[in-house]
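Naming convention: chains lettered A, B, ... in sequence-line order (proteins, then strands); numbering from 1 in each chain. We use all heavy atoms of the structure for the numbers below, so side chains are in, but hydrogens, waters and symmetry mates are not.
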Amino acid sequence: MAHTYIKDLSKHEGQQVTLKGWLAQKRDSKTIVFLVMRDGTGFLQCIVDINNVGEEVFETAKKLTQESAFEITGTVRRDEKQFGGYELQASALTVYSLATDYPITPKDHGIEFLMENRHLWLRSRRQWAIMRVRNTIIYSIHKFFQDRGFVQMDAPIFTGNAAEGTTTLFETDFYGEPAYLSQSGQLYGEAMAFAQGLIYTFGPTFRAEKSKTRRHLSEFWMIEPEMAFYDLDMDMDVIEDFVRYVVTEVLDTCKLEIEVLERDTTYLERVREPFIRMKYELAVDYIQGLKDYNGKTSIQILEEDLKAIEEAVAAKQKDIDEREAKIAGGTLTKGEKNFNQNKIDGLKNEINDLNEKAGNIPQWLNSAKNFKRGDDFGGSDETVLTRLFGQPIMVYNWPRDVKAFYMKEDENDLGYAKGVDLLAPEGYGEVVGGGERETNIEKLIGKIEEHKLPMDVFEWYLDLRRYGNVPHSGFGLGLERLVAWICGLQHIRETIPFPRSFGGKLKP
RNA sequence: GGGAACAUAACUCAGUGGCAGAGUAGCGGCCUGUUAAGCCGCGUGCCGGAUGUUCGAUCCAUCCUGUUCCCGCCA
């Protein structure tokens, strides 16, 4: 008999169903056991009452351990209090396998331990939610482009050229010749766009940069649309529509996941408003605090943030002191003492996190005040700028020297390239990078020489300018950075099932 | 490539130059339509490794290893 999935329970209210899954959590007593089953599609509390199932099944239920696999039959009941809104009154239970000593308990674990157990960590509720959001994002990316007539085409992963020459690549041996793992499908995307008009690539990308930050992976997934006959303005229109579409799809269809992640969607909701578009030079004014927005400069906002954090730390410290005094008083029962000790430990961790944040702010302020006009933005500059506006910002017309060789120079604004970066709010920074491509073959050749790139590997690329040259644009979106932003994650390593990063491990 | 911190029980963390601590998980019992449940009881340690200082080092110093965080590079 086909079994039912937890996500479909609303169609079976009051009916008897059979579910198959694993034990996420258990609470038991003399006559009743609560089993929380997870089946991949959701979580469900099953009630095993000795009066309904008899002694034998009841004892089996009582002996189930975390992550044991089992099949359960029972009646679906509506219960507003439950996660997902339903629970199951069990009548029968079959065990597939008993797990012993599952390492990941429903308590606190450090990141090192969890990463070593990534293959198991993926089962926990939070990771489950993140992966489902990731899936929704991937699906909506395809829907967005397919609905608009884009053709998905794949760029090669092995490439002979060290592409843009800006990043370190992984070198491999390709039948005796040095080959590199692709760091971008961009140049191939242009060739494919001249064949199909509108295309997008969606595949893995590799960077051997020795970056060990919360925003970097060595292996990540990138979406790179390329559009013939599109200029920078049209490119920005696509970026804006695209990001708005994907974010609202998640907001509309992943309500349970957002609940699990406890994601405050205030800033995400703001994607429904028109995105802010500003030229690089104006953005610099805001970063340096020369211009205010809604009566405040970036510098003032950061100083206020710092003060607020310091006050929060003081309040938590006061709470700790009071609880410690209570414990020292010696009149508490053991349970009350434990409760307070747990709270104190939690508060100490919160203070550590806050102090870390507070420690960053002076650096940001310093970096913002000393920002050198003409430079590329650093991570902190992006944070400062987006903190001021609290919504996605597209910064365009960048100094030509800080952007890749294929970026089109603005003929009305010489020295500036028609590139655009989309900066996500809440410190997530650059999510999209793109722009209009240089069509002037002389300028392209000049730039290739200037960057000291080997001309012969770009001959095929220059052919695109020789045959049927047209204005065209595109962009690249880092999937994991988008997942991190939408889910509100502290670190990019949680956005991909098995992250690969510098200094990280190949196991699991 | 640069900088900062951390390493104590299965897990999360306190702590002290002089016999090693708590909470959680686990086990036993009581209670309970519970939901990080509550109450009572019971374990566990090469204090990351090496060398040095010292009567004595988990604690101080040096080195090594591992991990985390920040910056740079980028998506």
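When the side chain to side chain donor-acceptor pair (under 3.5 Å) test is applied to A:K26, no partner is found at least two apart in sequence or on another chain. Considering only residues two or more places apart in sequence or on other chains, A:H109 meets the ring pair (Phe, Tyr, Trp, His ring centres under 6.0 Å) condition with A:F113. Applying the side chain to side chain donor-acceptor pair (under 3.5 Å) rule to A:N370 yields the partners A:N366; only residues at least two apart in sequence or on another chain are considered. In this structure A:D79 satisfies the side chain to side chain donor-acceptor pair (under 3.5 Å) test together with A:Q82, sequence neighbours excluded. Under the ring pair (Phe, Tyr, Trp, His ring centres under 6.0 Å) criterion, A:W128 pairs with A:F43, sequence neighbours left out.
Counting non-hydrogen atoms under 4.0 angstrom, A:G429 reaches nothing in the nucleic acid. Nucleic acid contact for A:V432: sugar-phosphate only, since backbone atoms but no base atoms lie under 4.0 Å from a heavy atom of the residue. Base contact: A:F34 has a heavy atom under 4.0 Å from a base atom. Heavy atoms of A:R215 sit under 4.0 angstrom from at least one base atom. Residue A:S211 is classed as a base contact, given a heavy-atom separation below 4.0 Å to a base. Contact annotation for A:L482: no contact, since no heavy-atom pair falls under 4.0 Å across all strands.
Judged by distance alone, the side chains of A:S184 and A:E224 do bring a donor and an acceptor atom under 3.5 Å apart.
A gap of 15 Å separates the C1' atoms of B:rG45 and B:rG15, to the nearest Å. On the P atoms, B:rA37 is 46 Å away from B:rG3, given to the nearest whole Å. Separation of the C1' atoms belonging to B:rA61 and B:rU53 is 7 Å when rounded to the nearest angstrom. For the P atom pair drawn from B:rG18 and B:rU24, the interatomic distance equals 28 Å after rounding to whole Å. Rounded to the nearest Å, the gap between the C1' atom of B:rU62 and that of B:rG23 is 35 Å. Nucleotides B:rC19 and B:rC30 are separated by 40 Å at their P atoms, to the nearest Å. One C1' atom belongs to B:rG1, the other to B:rA9, and the distance between them is 39 Å to the nearest Å. B:rC13 and B:rC47: their C1' atoms are spaced 13 Å apart (whole Å).
Note on A:D421 versus A:K403: salt bridge recorded, some NZ/NE/NH1/NH2 to OD/OE distance being below 4.0 Å.
Distance, A:H216 NE2 to B:rC69 P: 14 Å, rounded to whole Å. The nearest whole Å value for the distance from the CD atom in A:E382 to the P atom in B:rC73 is 10 Å. Straight-line distance from the NZ atom of A:K30 to the C1' atom of B:rG28: 14 Å, rounded to whole Å. Atom pair A:L114:CG and B:rU68:P shows a separation of 12 Å (rounding to whole Å applied). For the pair A:R125 CZ and B:rU35 P, the interatomic distance rounds to 14 Å; values are reported in whole Å. A:D101 places its CG atom 14 Å from the P atom of B:rA25, with the value rounded to the nearest Å. If you take CD of A:Q45 and P of B:rU35, they are 10 Å apart, rounded to a whole angstrom. Atom-to-atom, CD of A:E87 to P of B:rU35 comes out at 14 Å; the value is rounded to the nearest Å.
Residues from residues 79-86 of chain A that place a heavy atom under 4.0 Å from any atom of RNA chain B, listed by number: A:D79, A:K81, A:Q82.
At distances below 3.5 Å, at least one donor-acceptor pair connects side-chain atoms of A:D39 with backbone N or O atoms of A:I6.
Closest to the side chain of A:R207, out of B:rC30, B:rA75, B:rU68, is B:rA75.
In this structure, the ring of A:H119 has its center no less than 6.0 angstrom from the ring center of A:F498.
B:rC63 is paired with B:rG49 under the Watson-Crick or G-U wobble criterion, all donor-acceptor distances under 3.5 Å. Base pairing analysis places B:rA36 opposite nothing; no Watson-Crick or G-U wobble pair with both distances below 3.5 Å involves it. Applying the Watson-Crick and G-U wobble criteria (two distances, each under 3.5 Å), B:rU16 pairs with nothing in any strand.
In this structure, A:F220 packs face-to-face on the six-membered ring of B:rA75, meeting both the 5.5 Å centre cutoff and the 30° plane limit.
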